[in-house]
J.: 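Would you mind keeping the following structure in view while I ask a few things?
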Amino acid sequence: MTIFMLVATIGIPSLMVYLQQKWAIFRLLFNILGVIAAILFSTIAATAITNIILEDAVFMTTIHAVFLNSIFLITGAYLGLYLIYRLIIMTIQERD
C-alpha cells in the first residue's frame, strides 16, 4: 500500500502537469477544484473544532471523528496532490 501511495503521489501530480500543459481548460479545472476542496476541507475542520469547544468535549478522542468523514478525506487528499502539482509548476517556471 505504501508503494501505491508513493507512486500515486508522484504520478497524479505529474499527470496533472502534463494535462494542464496540453489543454488549458485543465489548468482552470484543477484550480477550481483546489478552491472548492480548500473551502470544504476548512469548513469541515472548523465545524468539528467548534463543536468540540461548544460541547466542552474531550479534545483528542472527539476530534479524530473528523477522519471518518469521507468528504474531509477526499478533499484533503486532493489538496495534497494539488500542492505537489503547484510546486512542480513553480519549479518548471523558475527553471526557465
Side-chain angles (χ1 to χ4, degrees):
M1 187 63 154
T2 303
I3 298 295
F4 171 74
M5 287 191 297
L6 181 62
V7 169
T9 302
I10 295 168
I12 293 173
S14 299
L15 177 63
M16 292 169 72
V17 169
Y18 170 76
L19 290 173
Q20 69 91 29
Q21 286 179 339
K22 188 101 171 136
W23 297 286
I25 190 71
F26 279 101
R27 188 175 309 127
L28 177 65
L29 176 66
F30 295 147
N31 290 334
I32 289 171
L33 289 175
V35 170
I36 292 169
I39 291 169
L40 289 173
F41 185 85
S42 62
T43 300
I44 293 169
T47 302
I49 292 169
T50 302
N51 286 339
I52 289 168
I53 292 170
L54 292 176
E55 295 172 5
D56 199 27
V58 177
F59 181 75
M60 291 306 289
T61 56
T62 310
I63 193 61
H64 288 95
V66 76
F67 294 125
L68 299 175
N69 186 328
S70 58
I71 296 173
F72 180 81
L73 294 174
I74 290 168
T75 56
Y78 182 77
L79 287 174
L81 296 173
Y82 181 74
L83 174 66
I84 295 169
Y85 154 74
R86 294 302 301 173
L87 289 172
I88 293 170
I89 295 293
M90 286 173 44
T91 303
I92 290 169
Q93 288 174 347
E94 289 179 3
R95 182 194 65 186
D96 294 337

J.: Give a yes or no on whether Tyr78 and Ile39 share a hydrophobic cluster (residues Ile, Leu, Val, Met, Phe, Trp, Tyr; joining criterion: side-chain heavy atoms under 4.5 Å apart).
T.: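 Looking at the clustering, Ile39 is in a separate group from Tyr78.
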
J.: Just grab all the ring pair (Phe, Tyr, Trp, His ring centres under 6.0 Å) pairs involving residues 37-57, residues at least two apart or on different chains.
T.: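 As it turns out, the ring pair (Phe, Tyr, Trp, His ring centres under 6.0 Å) pairs with a partner in residues 37-57, which skip direct neighbours, are Phe41-Phe72.
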
J.: Heavy-atom count around Ile3 CD1 within 6.0 Å, excluding the residue itself: above 12?
T.: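 12 or below, so no.
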
J.: Cluster question for you: counting only ILVMFWY and a side-chain heavy-atom cut-off of under 4.5 Å, with indirect links fine, are Ile84 and Leu15 together?
T.: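 Linked within one cluster.
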
J.: Would you give the length of the straight line joining atom OG1 of Thr75 to atom CD1 of Ile36, rounded to the nearest 0.5 angstrom?
T.: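 With rounding to 0.5 Å, OG1 (Thr75) is 11.5 Å from CD1 (Ile36).
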
J.: Nearest 0.5 angstrom please: Ile49 CD1 to Ile44 CD1, how far?
T.: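 Here the interatomic distance stands at 12.0 Å.
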
J.: Please say yes or no: joined through hydrophobic side-chain contacts below 4.5 Å, possibly via intermediate residues, are Leu81 and Ile10 part of one cluster?
T.: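 No, it is not one cluster - the side chains of Leu81 and Ile10 are not joined through contacts under 4.5 Å.
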
J.: Identify whether Leu19 and Ile32 are in the same connected component of the hydrophobic contact network (ILVMFWY, side-chain heavy atoms under 4.5 Å).
T.: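 Linked, Leu19 and Ile32 end up in one cluster.
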
J.: Please set out all donor-acceptor pairs under 3.5 angstrom arising from side-chain atoms of residues 23-31, sequence neighbours excluded.
T.:
unit_1 : atom_1 : unit_2 : atom_2 : d
Arg27  : NE     : Gln20  : OE1    : 2.7
Arg27  : NH2    : Gln20  : O      : 3.0
Arg27  : NH2    : Gln20  : OE1    : 3.4
Asn31  : OD1    : Tyr82  : OH     : 2.5
Asn31  : ND2    : Arg27  : O      : 3.1

J.: Kindly check if the number of other-residue, nucleotide or ligand heavy atoms within 6.0 Å of CD1 (Ile71) is above 12?
T.: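 No, the 6.0 Å shell around CD1 holds no more than 12 heavy atoms from other groups.
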
J.: Can you name the closest pair of heavy atoms from Pro13 and Ala8 and give their distance?
T.: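 Reported closest heavy-atom pair: CD-O, 3.6 Å.
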
J.: Rounded to the nearest 0.5 Å, what separation is found between the CE atom of Met90 and the CZ atom of Arg95?
T.: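 Atom-to-atom, Met90:CE and Arg95:CZ are 14.5 Å apart.
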
J.: Would you say Ile88 ends up clustered with Leu33 if hydrophobic residues are merged whenever their side chains have heavy atoms under 4.5 Å apart, either directly or through other cluster members?
T.: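 Leu33 clusters together with Ile88.
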
J.: Roughly how far, to the nearest 0.5 Å, is the CG atom of Asn69 from the CD1 atom of Ile74?
T.: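 The CG atom of Asn69 is 9.0 Å from CD1 of Ile74, to the nearest 0.5 Å.
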
J.: Measuring from Glu94:CD to Leu87:CG, what's the distance to the nearest 0.5 Å?
T.: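 If we round to the nearest 0.5 Å, Glu94:CD and Leu87:CG are 10.0 Å apart.
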
J.: What pairs with Ser42 under side-chain contact (heavy atoms from CB on, under 4.5 Å), at least two apart in sequence or on another chain?
T.: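 Ser42 satisfies side-chain contact (heavy atoms from CB on, under 4.5 Å) with no other residue.
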
J.: Over all heavy atoms of both residues, which pair between Gly34 and Leu79 is shortest? Give the atoms and the distance, please.
T.: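 Result for this residue pair: O-CD2, 3.7 Å.
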
J.: How about Ile89 and Tyr85: do any of their side-chain heavy atoms sit closer than 4.5 Å?
T.: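 In short, these two side chains touch, coming nearer than 4.5 Å.
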
